[in-house]
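Working notes, beginning with the structure itself.
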Number of protein chains: 4
Amino acid sequence: MPKQTFFNLPKQKRDLITRLALEEFASHDYHSASLSKIVERAGIAKGSMYQYFGGKKDLYLYLFNLVGQAKLSYITSKVPDPESLDLFSYLKELMMASAGFEIHHPLEYRMGMRVVYGDSPFKEEERQQMKNAVVDFYKGLLIRGIERGELDPDLDVDAAAFLLSAVSLELGSFIMNRLDLDSEDLQSSKIDWEALEPILDTVIALIKNGIARR
Amino acid sequence: MPKQTFFNLPKQKRDLITRLALEEFASHDYHSASLSKIVERAGIAKGSMYQYFGGKKDLYLYLFNLVGQAKLSYITSKVPDPESLDLFSYLKELMMASAGFEIHHPLEYRMGMRVVYGDSPFKEEERQQMKNAVVDFYKGLLIRGIERGELDPDLDVDAAAFLLSAVSLELGSFIMNRLDLDSEDLQSSKIDWEALEPILDTVIALIKNGIARR
Amino acid sequence: MPKQTFFNLPKQKRDLITRLALEEFASHDYHSASLSKIVERAGIAKGSMYQYFGGKKDLYLYLFNLVGQAKLSYITSKVPDPESLDLFSYLKELMMASAGFEIHHPLEYRMGMRVVYGDSPFKEEERQQMKNAVVDFYKGLLIRGIERGELDPDLDVDAAAFLLSAVSLELGSFIMNRLDLDSEDLQSSKIDWEALEPILDTVIALIKNGIARR
Amino acid sequence: MPKQTFFNLPKQKRDLITRLALEEFASHDYHSASLSKIVERAGIAKGSMYQYFGGKKDLYLYLFNLVGQAKLSYITSKVPDPESLDLFSYLKELMMASAGFEIHHPLEYRMGMRVVYGDSPFKEEERQQMKNAVVDFYKGLLIRGIERGELDPDLDVDAAAFLLSAVSLELGSFIMNRLDLDSEDLQSSKIDWEALEPILDTVIALIKNGIARR
DNA sequence: CATGAATGAGATTTCATTCAT
DNA sequence: GATGAATGAAATCTCATTCAT
């Protein structure tokens, strides 16, 4: 919840501040991230940041929400209507979109990871809620899958949702490994988008059928 | 590599310092963790820490090794000979032991997670190596499984190892959720150890057979 | 290269800081000089110094340049055109001005001596360059003297320049001795300026004719 | 004035400590020189230094005296009886010996320079006394020269002594320049001893006859 | 006599935040 | 609304010195 003054800024300036702040929080811990560095790079006065935001925490929360919205709208725009696909196709689209976000918005991705794993001004409770939100989303998906007869009604939905959430959390790391990329490649976004699909096919197949011999 | 001074301390004091340092590094990123806080809580002089350790980084590396050894010896002591079990039984034992460690050594567990995800004095390269070590371990396991005919020779070993590593990373979080525990419960270790087994059975089954309807 | 912040300060405050810093660096080696002491005496916050300067080294370099400029402008203002005087008269004027600077700017003088002889953030190479600059200046003077027929063409210019540089370095010490002064007298500047001239005459005569019997 | 315990040490150990301490004080300011570093390198306990010496200052004074004695005995051993030589030949021998000391005992030389120019636990008064001791020595020499008819009775003895003292202080620096050496060459003592003589001849001639055209 | 752990002062530096202009 | 100087707490680390064993 930045102050109104922030939204009164010319879009260009607002975006500059947002981007630089995001870069800082993406590459540093909440505690280690430095407002001083941000304002220095942005070429604005330190006091101005306090005209725009209530303080460091306020800025953090703003970016956090921004990242969440960005991810949501990215994925929403890429993934088709869940009703039009069977569960596993939908899962694949979802994960491809998710991977796409990580690749095309590496800053947002890395900030998101820090929210989950690193220091943050959130209480532990709130952190758990975030993780649960993902799990709950997958739970909803699975329940619908059962209702539509795509999944076994006896499926342990909690456990399966956990499996999906664990995979999706680490998926980015796996893809980078598989494509032999590193963070810098992400920045420059020279990703072979079509190379993504077979990787996801493989992962989804494993989730679907397990690793056991048939 | 603490200095000899540290090892000459009476065990009680040494353990106190180790525990307090571990608590600090378990609840804060490397940069945010504060030597000053540690010595304050330990009731020792600031200079004394520098008699014991070369500096912050030295202390961190010491704890890091400690955690690694603790985990290794814990798991080694709990998990039976891999040759005497089929793959999935072994996996279950492994993950139970792993979960047991997380439950009974929550500080060590959280410090370990920070090494993987948070800021650290390690170079990115070294961090990747650690993650890869886990994946490689699972790869070895899977390859043996194939050789023993327990797994399909066509299994994508990399992808499957990634799946296992992702699950094992998040397993602690899932168990805490399932048992409705939080960090404080972990500290007091009032865990129903026998409640663990069915949870693992479920997870292993999912990994084994996937989530699809049969 | 202090920050703009420093130059924006009211002259009074800027001068206070400069003077106190100069006093500290004049009476202590670079390593021993203490920013903490300076800010304490100046009655400003520790952090403020870092608004003004990049750090200890930056402050040191600033003072170093200040001293150099002060000396240059002082001497330039006192010493007449070298073309209008014979070599030894010019030398005398030069050394009188130099002594005058040492007497009237004792802090600057002592800081300068420390740059030459004491610890400093300069590399040894740079220190040599400074010393050489003085020697080179005298070499230039001597060469011109030869060209103008005032000196023997066979004069060993290097050795003579060394002699002049050695004398000029220690001249202040000699004058203080001769006039029975100490550092405190310098501070209060109760110097009999006219007493200076015969001393310099004597020294110049020695340099000119040597100490041997004629 | 070290404590008796120091002199009770086996010579080998005593020399080791002396040498390492000298190295430290030769390359650092009094303030910056570190007892900790010395004992670390010497492999002895910190407390032991306080059994040997009253403290940092005591150690410093001990080394200071040692250096003085070393220089005195070195020069005494090299320079012939002053009665057997004319003044300028004696001066030349003196300065050659002095230069020889600087070259063959660089640590002692550099420590001596620090005593004169750098920070030290001596009061300013004491520092002046040391400088004066050198000047007084040259004064005695000059007075004897006058008495023996080698110098003009009207010579300004004070000024001439100052000249000699200034030259002798900087002589080392000049020689190093002339022979194109640096500190490291000193350490390894690969000095062409015979190259020294003509340099000194030149310098002495300048002192003797001045730089003026005849 | 030797040891070396303990101490606390003091060093440089960074940071979030406030507030007068 | 923008500025940026001022602040002081807090961080890491080094050091000379003491003292119990």
Side-chain angles (χ1 to χ4, degrees), chain A residues 3-6 8-9 13 31-40 43-59, chain B residues 3-10 13 31-40 43-59, chain C residues 3-10 13 31-40 43-59, chain D residues 3-6 8-9 13 31-40 43-59:
Chain A
K3 302 181 182 172
Q4 186 55 41
T5 46
F6 180 64
N8 294 343
L9 289 177
K13 190 171 185 180
H31 210 104
S32 307
S34 160
L35 288 197
S36 301
K37 295 268 175 59
I38 296 171
V39 298
E40 191 188 354
I44 63 175
K46 229 179 219 172
S48 296
M49 280 302 260
Y50 287 83
Q51 305 269 22
Y52 307 148
F53 300 94
K56 191 181 188 177
K57 184 172 177 177
D58 190 28
L59 169 60
Chain B
K3 302 182 183 173
Q4 186 55 43
T5 319
F6 181 65
F7 296 112
N8 294 344
L9 288 179
K13 191 169 185 179
H31 271 104
S32 308
S34 158
L35 286 198
S36 297
K37 293 268 176 60
I38 296 172
V39 298
E40 192 186 356
I44 62 176
K46 233 173 245 182
S48 294
M49 277 305 258
Y50 289 85
Q51 302 269 30
Y52 307 148
F53 300 94
K56 191 180 187 177
K57 185 172 178 178
D58 189 28
L59 171 58
Chain C
K3 302 182 183 173
Q4 186 55 42
T5 319
F6 180 65
F7 297 111
N8 294 344
L9 288 179
K13 190 170 185 179
H31 271 106
S32 308
S34 158
L35 286 199
S36 297
K37 292 267 177 60
I38 296 171
V39 297
E40 192 187 355
I44 62 176
K46 237 172 241 184
S48 295
M49 277 305 259
Y50 288 84
Q51 302 269 30
Y52 306 149
F53 300 93
K56 190 180 186 176
K57 186 172 178 179
D58 189 29
L59 171 58
Chain D
K3 300 181 184 171
Q4 185 55 41
T5 47
F6 180 64
N8 294 343
L9 288 178
K13 190 171 184 180
H31 211 103
S32 307
S34 159
L35 287 198
S36 301
K37 294 267 176 58
I38 295 171
V39 297
E40 191 188 354
I44 62 175
K46 230 180 218 174
S48 296
M49 281 302 260
Y50 286 84
Q51 305 270 22
Y52 307 148
F53 300 94
K56 192 181 188 179
K57 184 172 177 179
D58 190 28
L59 170 59

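In what follows, chains carry the letters A, B, and so on, assigned in the order in which the sequence lines appear, proteins first and then strands, with residues in each chain numbered from 1.
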C/K46 (side chain) donor-acceptor with C/L35 (main chain) under 3.5 angstrom: no
Distance in Å, A/I38 CD1 paired with A/I44 CD1, rounded so as to fall on 0.5 Å steps: 9.0 Å
Side-chain N,O (D/S34) to OP1/OP2 (F/dT14) below 4.0 Å: no
E/dA20: pairing nucleotide in any strand, Watson-Crick or G-U under 3.5 angstrom: F/dT3
Distance, rounded to the nearest Å, where C/Q4 contributes CD and F/dT3 contributes P: 15 Å
Spacing of C/I38 atom CD1 relative to E/dT13 atom P, expressed in whole Å: 12 Å
C/L35 vs A/H31, nearer the 5' end of DNA chain E by closest nucleotide: C/L35
Listed nucleotide nearest any side-chain atom of B/L9, set F/dC13, E/dA6, F/dT7: E/dA6
Sugar-phosphate, base or nothing in reach of C/K57, heavy atoms under 4.0 Å: nothing
Any D/Y50 side-chain N or O less than 4.0 Å from OP1/OP2 of F/dT17: yes
NZ-OG distance between D/K56 and D/S34, expressed to the nearest 0.5 angstrom: 7.0 Å
Length of the OH-C1' vector between C/Y52 and F/dA5, whole Å: 7 Å
OP1 or OP2 of E/dG10 under 4.0 Å from side-chain N/O of C/K37: no
From C/F6 atom CZ to C/M49 atom CE, the distance as rounded to the nearest 0.5 Å: 7.5 Å
Euclidean distance, atom CZ of residue C/F6 to atom P of F/dA6 [Å, nearest integer]: 11 Å
Rounded interatomic separation in angstrom, taking CG from D/L59 and P from F/dT17: 10 Å
C/S36 side-chain N/O to E/dA11 phosphate OP1/OP2 under 4.0 Å: yes
Any B/N8 side-chain N or O less than 4.0 Å from OP1/OP2 of E/dG4: no
Under-4.0 Å side-chain N/O to phosphate OP1/OP2 contact, D/K3 with E/dC1: no
Gap separating the CG atom of D/D58 from the CZ atom of D/F53, nearest 0.5 angstrom: 7.0 Å
Integer-rounded Å distance: E/dT3 C1' and D/E40 CD: 16 Å
Pairwise 5' ranking along DNA chain E for D/S48 and A/G55, keeping only the more 5' one: D/S48
Spatial distance of atom CD (A/Q51) from atom CG (A/N8) [nearest 0.5 Å]: 11.5 Å
Phosphate-side-chain proximity, C/T5 and F/dA5, N/O vs OP1/OP2 below 4.0 Å: yes
OP1 or OP2 of F/dG8 under 4.0 Å from side-chain N/O of C/K46: no
Nearest-Å distance for atom pair CD1/P, residues A/I44 and F/dG1: 15 Å
Sugar-phosphate only, base, or nothing, as touched by D/F53 at under 4.0 Å among non-hydrogen atoms: nothing
Which nucleotide in F/dT7, E/dT17, F/dA11 has an atom nearest any side-chain atom of C/Q51: F/dT7
Separation of atom NZ in B/K13 from atom C1' in E/dA5, rounded to whole Å: 8 Å
Closest-nucleotide ordering on DNA chain F, the 5'-leading residue of C/A45 and B/A33: C/A45
